[in-house]
Undergrad: 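Structure provided below as structure tokens; questions to follow.
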There are 4 protein chains.
Amino acid sequence: MAEDVSDAPAGFAKEQLKSLIERIERLEEEKKAIADDIKDVFAEAKANGFDVKALRTILKIRKEDADDRKEHEAIVDLYCQALGIFA
Amino acid sequence: MAEDVSDAPAGFAKEQLKSLIERIERLEEEKKAIADDIKDVFAEAKANGFDVKALRTILKIRKEDADDRKEHEAIVDLYCQALGIFA
Amino acid sequence: MAEDVSDAPAGFAKEQLKSLIERIERLEEEKKAIADDIKDVFAEAKANGFDVKALRTILKIRKEDADDRKEHEAIVDLYCQALGIFA
Amino acid sequence: MAEDVSDAPAGFAKEQLKSLIERIERLEEEKKAIADDIKDVFAEAKANGFDVKALRTILKIRKEDADDRKEHEAIVDLYCQALGIFA
DNA sequence: ACGTTATTTAAAAAGC
DNA sequence: GCTTTTTAAATAACGT
């Protein structure tokens, strides 16, 4: 669609492009603001004597645990498939 | 503070840790949601025939321009401060 | 060193550059050859009726388990640090 | 084959699975070792004053040239085949 | 401030 | 072909 402007109102694709770019830029600003908030929380934690590296590790582990839970549910099934066993 | 639990109510640091972890996890969820939104916009752009790689290039150029503008403004401010001029 | 050729035999840096490039290209060829071997094994597995996706999952889990083992050894310590407890 | 264990010695598919997994894990170790070697060469280049990013650009260009060459040769071969010419 | 390491993002590749 | 995964590159954080 975007490359075929011959049968479109003049500037249509251009407007659409502008809109897409601005939406993405807006979202990226929001994302950056949240990233900054996260940094602030880490800074606060550090100011209160917490070991930031340890906090990061805890967060990482909790994330992995959450991610793995779904995955591990599928493993037994997959092993069975892999072995040609009908569980 | 966190390492000195001797004069704090039992579990104080623990509660604070819990709070920090949860705040960060919440913010990271929000960040991820926005990242997903951005992906959606790129997908929409692609579906409308736009070249995603070209879009990224445009965004990058605009970002650099914006960064340059901020840098320029920062330098001007600095000079104004140095000169005692209130711009 | 590379940018200062004034006190070096003519073409020294050039030779060194050539050597570096060729070493990397050689290694990348070897890497590609091994990647191809891996693909062959998957193809063989598939030909023998194994579910390739399941195999990949098993490999992934085994890798994660191996990686996590060291990490999990450090977690208790880190939790303790994060909580200001001396384990 | 793997899914039909009815006429195979017990544990046959399992042994085959084990073998496949181990072969792949071995190959992936080798691949990783080579990737590490490549990193070492880049580190050495950097230590000798070379611009790593520029090196990567050179490698990319040479790779594209090589790919183009192969593609060209493939087309020539194809034409030769089509024309019954033995090149 | 530097250099190293970790994270995040973009490009490339592989499979369906 | 297109979509998901893998790999590479850029960026950013952290300690020194």
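Given the structure is predicted, the values throughout are model-derived calculations rather than measurements. Below, read A as the first sequence line, B as the second, and so on, with proteins coming before strands; counting in each chain starts at 1.
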Undergrad: Within this structure, what is the NZ-to-P distance between Lys32(A) and dT7(E), rounded to whole angstrom?
TA: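 Those two atoms, NZ and P, are 19 Å apart.
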
Undergrad: Side chain to side chain donor-acceptor pair (under 3.5 Å) with Glu28(B): which residues, sequence neighbours excluded?
TA: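 Not a single residue meets the side chain to side chain donor-acceptor pair (under 3.5 Å) criterion with Glu28(B).
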
Undergrad: Summarise protein proximity over nucleotides 1-16 of chain F in one line of letters, 5' to 3': B for base, S for sugar-phosphate only, - for none, counting protein heavy atoms closer than 4.0 Å.
TA: ------SSSS--SSS-

Undergrad: How would you list, by chain and number, every residue that makes a salt bridge (charged side-chain N to carboxylate O under 4.0 Å, His left out) with Glu30(B), sequence neighbours excluded?
TA: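 Glu30(B): salt bridge (charged side-chain N to carboxylate O under 4.0 Å, His left out) contacts with Arg26(B).
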
Undergrad: Identify each donor-acceptor pair in which a side-chain atom of residues 55-71 of chain B lies under 3.5 Å from a protein atom, sequence neighbours left out, and give them as a table.
TA:
unit_1   : atom_1 : unit_2   : atom_2 : d
Thr57(B) : OG1    : Lys53(B) : O      : 3.1
Arg62(B) : NE     : Glu25(A) : OE2    : 2.6
Arg62(B) : NH2    : Glu25(A) : OE1    : 2.9

Undergrad: Rounded to the nearest Å, what distance is computed from the CD1 atom of residue Ile24(A) to the P atom of nucleotide dA10(E)?
TA: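 My rounded result for the distance is 10 Å.
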
Undergrad: If the condition is side chain to side chain donor-acceptor pair (under 3.5 Å), which residues does Glu29(D) pass it with, not counting sequence neighbours?
TA: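 With sequence neighbours excluded, Glu29(D) shows a side chain to side chain donor-acceptor pair (under 3.5 Å) to no residue whatsoever.
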
Undergrad: Show me the donor-acceptor pairs within less than 3.5 Å that the side chains of residues 33-40 of chain D make with the rest of the protein, sequence neighbours left out.
TA:
unit_1   : atom_1 : unit_2   : atom_2 : d
Asp36(D) : OD1    : Lys32(D) : NZ     : 3.4
Asp36(D) : OD2    : Lys32(D) : NZ     : 3.0

